[in-house]
Amino acid sequence: MVAFLSLREAVAELIHDGDTVAMEGFTHLIPFAAGHEVIRQGKRDLTLVRMTPDLIYDQMIGMGCARKLVFSWGGNPGVGSLHRLRDAVERGWPVPLALEEHSHAAMANAYAAGASGLPCAIFRGYQGTDLTQVNPNIRFIECPFTGERLAAVPAIRPDVAVIHAQRADRQGNVLIEGIVGVQKEAVLAARRSLVTVEEIVDDLRVPSPNAVVLPHWTITAIAEVPGGAWPSYAHGYYTRDNAFYTAWDGIARDRDTFLAWMREHVLDAPHRPAVARPVGA
Amino acid sequence: MVAFLSLREAVAELIHDGDTVAMEGFTHLIPFAAGHEVIRQGKRDLTLVRMTPDLIYDQMIGMGCARKLVFSWGGNPGVGSLHRLRDAVERGWPVPLALEEHSHAAMANAYAAGASGLPCAIFRGYQGTDLTQVNPNIRFIECPFTGERLAAVPAIRPDVAVIHAQRADRQGNVLIEGIVGVQKEAVLAARRSLVTVEEIVDDLRVPSPNAVVLPHWTITAIAEVPGGAWPSYAHGYYTRDNAFYTAWDGIARDRDTFLAWMREHVLDAPHRPAVARPVGA
Amino acid sequence: MEYSATEMMTVAAARALKDDDVCFVGIGLPSAACNLARLTHAPNLTLIYESGTIGARPDVLPLSIGDGELCATALTTVSVPEMFRYWLQGGRISVGFLGGAQVDRFGNINSTVIGPYDRPKVRLPGAGGATEIATQCEQIFIIMRHSPRAFVPRVDFITSLGHGTGGDDRRRHGVGTLGPTLVVTDLCVMRPDPETKELTVVSLHEGVTREQVIEQTGWPVRFAAELERTPPPTATELDALRELQARTARAHARPEARDGGR
Amino acid sequence: MEYSATEMMTVAAARALKDDDVCFVGIGLPSAACNLARLTHAPNLTLIYESGTIGARPDVLPLSIGDGELCATALTTVSVPEMFRYWLQGGRISVGFLGGAQVDRFGNINSTVIGPYDRPKVRLPGAGGATEIATQCEQIFIIMRHSPRAFVPRVDFITSLGHGTGGDDRRRHGVGTLGPTLVVTDLCVMRPDPETKELTVVSLHEGVTREQVIEQTGWPVRFAAELERTPPPTATELDALRELQARTARAHARPEARDGGR
């Protein structure tokens with residue numbers, strides 16, 4: 001039965017030190033507020049899984065929550081590097097970060113395999129790339145009909161999936177609309193799931209019979225967190241704060257500036273999503 | 001470039017004797033009018049692929065269009081047997097019919113593999129069933145990570161996919177809504193594709209950014225055929241003619257009654273979809 | 001209140017479903033039982049049809065697995081590949097509800113052929129979703145009319161694995177789910193013996209004798225030591241079922257109007 | 001009309017796209033070139049971003065691969081697994097448009113690390129979609145600024161296979177697509193030699209000398225026998241590009257209003 005909890009309660013109950021956590025949202029609907037709560041609660045030794053680590057994992061890595069990152073593209077989209085991710089990888093600050101590195105195709109297939117209850121995914125990929133030299137979780141099988149060599153990766157089965165969505169109804173059914181990324185797959189692949197939503201409503205207002213809807217019995221907990229995807233966006237609610245993404249480059253480049261920003265906007269600001277604040281730096 | 005053709009032209013140009021043809025639509029949006037045109041044009045030696053052969057393949061098989069059927073459930077849903085299919089299998093009338101028989105899970109995965117450009121699909125299935133004894137296209141592989149034995153089937157890659165959809169816009173983009181079955185996969189898996197639609201419109205009226213839409217550059221030909229899914233149905237246009245499905249049992253049970261019905265409603269009724277006619281028998 | 005054996009069977013099957021079950025529904029008898037459960041004691045029961053409809057709440061019973069009524073009343077409708085990959089194989093279904101032409105003493109089901117595969121006496125519809133429903137749902141309920149032709153010592157063709165050759169044979173096929181835990185017929189309720197997995201009569205419907213069951217079963221059927229009597233249908237159950245069947249008959253007989261849009 | 005080297009590069013890249021191409025678009029320079037093509041000679045060009053947006057027609061350039069503008073203007077938006085399975089791996093894309101940190105003489109691209117993988121000098125973002133874009137699109141166009149650090153004899157890490165070690169090495173990896181057929185830089189246009197597959201300068205932009213290209217290339221670069229001059233940007237091209245860039249700058253600088261819905 002889905003539980004309607006506060007964000008603080010939900011993160012405390014669902015996410016434990018050492019867990020494998022997938023916080024998904026492909027550019028859109030990134031669960032930033034939930035990431036900030038993970039930081040405030042001082043979670044440690046997480047294995048973070050995410051196709052595009054983005055600012056949310058830059059912040060969590062910079063605050064020392066993670067010991068391993070499974071990913072396929074780790075940048076600030078259209079801006080440049082994730083400086084906290086690089087600092088952790090290149091200089092072990094604040095703690096060393098192990099990497100398991102894939103391509104998007106591999107991660108997307110691995111999530112789909114996780115949602116499908118399969119142990120692995122097969123796809124045509126990874127030919128001629130050096131990624132096969134540095135990631136032992138990339139293997140190959142032969143098609144039993146054609147003999148073609150196909151890539152295989154293990155399914156992603158996180159302990160917890162965390163996503164942000166537009167809205168839930170009072171039964172706990174959730175609607176996701178727009179760029180839907182791998183969120184449905186992440187929730188279905190995970191043992192537990194937390195969905196933060198812009199609003200909880202009487203009528204889910206599903207636009208079509210084929211809309212992306214997660215039934216309540218696939219979700220562990222829902223927390224209403226308006227603005228919970230800022231500085232990413234929620235289609236139909238608010239747009240992406242591209243200016244903040246650009247500003248983050250300056251904030252995150254330096255350890256002290258970063259820590260000051262995190263203190264002011266996350267650590268000392270419990271429970272209030274950062275959305276209402278002016279762009280920092 | 002998608003071609004807007006009459007149904008007669010489209011079937012003549014796209015479907016050739018000996019082709020492998022997948023006419024899909026899972027209970028909903030079954031392309032009956034296109035099937036009738038195939039019968040009228042006297043196509044022969046087709047390998048027919050379809051998860052649920054339904055009345056459409058019962059008619060085509062009964063009229064001698066097919067030499068092989070790849071399928072997973074061959075009945076008149078909720079009514080009983082497909083008598084023409086059984087007559088072809090059990091007594092070779094009007095021509096013998098070879099069967100390649102799967103489960104739904106296998107066919108659905110095989111279509112998805114075809115759409116994905118893969119040579120095969122893997123899934124967890126077929127354990128302990130005798131289907132593995134009668135279908136050499138069911139094989140097994142080992143997961144390279146866990147050693148688990150997983151079923152494998154070849155991808156479905158038809159020469160032609162034929163589907164019926166609600167509407168197309170004048171560029172040839174197609175909207176499918178409701179029970180969407182494996183139609184998108186069938187079109188993407190096929191070398192050529194024919195989409196019959198209820199109407200061609202200026203504005204596709206897409207209900208959501210995540211609606212099921214086939215871009216025009218994935219389709220070979222579009223034919224406007226209002227009522228083209230009757231006696232199945234088109235969500236938003238007309239409902240399923242369950243009474244006709246029930247009546248079909250009596251029509252198809254006997255070779256002569258069947259031939260008489262086909263003559264009156266299909267062979268001698270070129271180009272007019274049967275939708276407007278009263279239920280036969 | 002008088003009732004038919006089919007009504008008793010449908011009611012007994014419906015009762016086995018719990019309010020929080022997620023049920024993969026076959027067409028025909030399973031669909032009637034599942035919807036009866038939803039209309040009586042299990043209003044939150046989630047019904048999933050292999051056509052892709054999740055959380056369907058049909059007002060009338062569908063004739064096919066994909067009637068418009070299912071999609072129109074569902075929470076959401078997904079593609080068929082997604083249904084079999086994310087929902088069934090993904091391990092999300094608690095109960096798979098199946099029928100078939102033959103079931104054997106170990107709960108294996110045949111819906112493919114009577115007689116040899118290459119020269120069938122009767123060509124049946126085939127597997128559909130049943131092969132993987134049988135192995136991927138947490139447990140399987142079977143509903144079938146009792147007859148010696150249907151309840152056979154060994155099915156002619158295993159379409160859907162039950163308990164195989166009995167005992168832990170199911171495990172030997174690499175299948176971790178429970179398999180058939182319940183068979184409801186028009187005469188009785190059967191469950192697999194905990195050890196041998198042979199289907200055993202645990203409850204006789206009102207007015208049914210052991211002899212009748214023995215006569216209608218193709219193997220020397222066993223009875224539980226503490227054989228129960230199935231409680232007869234209540235008035236509430238019968239009313240709900242009959243209203244559902246009446247609505248359904250009216251809906252399917254009607255040559256339906258095309259609702260235009262053109 | 002005056003123009004910058006970056007403008008020349010973007011225009012030259014845009015020109016390579018045809019009206020009926022289906023283009024998988026990387027963010028940054030590729031996105032600018034693809035949208036310029038769409039706004040000039042190729043109005044029907046289909047742009048696909050890996051976020052799942054098919055047929056996007058953004059009015060301003062997206063900062064990320066998944067800005068709301070892409071979804072709002074797209075024909076349809078699919079899930080990311082579907083994008084990589086049905087659309088990219090499905091063989092539906094005619095041109096993949098990539099950038100990177102390093103490209104080598106055989107068109108292999110590095111966007112992973114400078115230096116050794118375990119002790120990187122610079123940790124780059126990584127593959128993203130590029131690894132499979134490089135092998136699954138019919139052909140690949142590369143757009144990168146020319147410098148000896150970027151145009152290297154051999155990339156430190158092959159993120160995206162180009163022509164491997166040259167010749168038919170790509171085939172030896174089981175890859176049947178054409179791979180990089182065009183490299184556009186701020187100095188010139190390069191194409192692989194038909195035999196050796198070594199990137200060869202086929203056209204110099206206006207005002208650029210052979211010496212400049214030699215200086216900015218990390219290997220002894222070859223020039224085509226019939227070396228062409230890239231036609232300079234037309235006023236139409238420059239106007240369209242500058243208006244696009246100006247709209248984009250305004251849009252991204254603005255702290256955007258939340259548009260409510262509640």
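Note on naming: letters A, B, ... go to the chains in the order of the sequence lines (proteins, then strands), and numbering restarts at 1 for each one.
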Check: Between C:L124, C:V80, C:T135, which residue shows the highest count of heavy-atom pairs closer than 4.5 Å to chain B?
Finding: C:V80

Next item on the list: Just give me the residue among C:L70, C:D169, C:I27, C:T159 that pairs up with chain B most often, heavy atom to heavy atom, under 4.5 Å.
Entry: C:T159

Between [X] and chain B, which part of the residue has a heavy atom less than 4.5 Å away: side chain, backbone, both or neither?
X      : answer
C:Q89  : both
C:V122 : both
C:F157 : both
C:S51  : both
C:Q136 : side chain
C:S79  : both

Notebook entry, point to check: For C:R123, which of B:L99, B:D87, B:L85 qualifies under side chain to side chain contact (heavy atoms under 4.5 Å, CB included)?
Noted result: B:L99

Return yes when atom [atom1] of [X] has more than 12 non-hydrogen atoms of other residues, nucleotides or ligands closer than 6.0 Å, and no otherwise.
X      : atom1 : result
B:R149 : CZ    : no
C:R149 : CZ    : no
C:R154 : CZ    : no

Please find the pair of heavy atoms, one from [X] and one from [Y], that lie closest to each other, and give the distance.
X      : Y      : result
C:P125 : B:F71  : O-CE1, 3.6 Å
C:G66  : B:I179 : O-CD1, 3.3 Å
C:D67  : B:T27  : N-CG2, 4.2 Å

Would you check if the side chain of [X] reaches a backbone N or O of [Y] as a donor-acceptor pair within less than 3.5 Å?
X      : Y      : result
B:E90  : C:R119 : no
B:T129 : C:I158 : yes
B:Y233 : C:G68  : yes

Top of [options] for chain C proximity - count of heavy-atom pairs under 4.5 angstrom:
options                        : value
B:S81, B:A108, B:G178          : B:A108
B:A106, B:G125, B:S232, B:S103 : B:S103
B:G74, B:A112, B:G78           : B:G74
B:A151, B:P53, B:G128, B:P77   : B:G128
B:H104, B:E101, B:R86, B:H235  : B:H104

Between atom [atom1] of [X] and atom [atom2] of [Y], what is the distance when rounded to the nearest 0.5 Å?
X      : Y      : atom1 : atom2 : answer
C:E132 : B:R124 : CD    : CZ    : 11.0 Å
C:L61  : B:N242 : CG    : CG    : 11.5 Å
B:N76  : C:L63  : CG    : CG    : 7.5 Å

Of the backbone (N, CA, C, O) and the side chain (C-beta and beyond), which part of [X] lies under 4.5 Å from a heavy atom of chain C, both, or neither?
X      : result
B:Y126 : both
B:E185 : side chain
B:M51  : side chain

Is the shortest side-chain heavy-atom distance between [X] and [Y] below 4.5 Å?
X      : Y      : answer
B:V180 : C:T77  : no
B:R240 : C:S64  : yes
C:E50  : B:F26  : yes
C:T112 : B:V134 : no
C:Y117 : B:Q133 : no
B:H28  : C:C71  : no

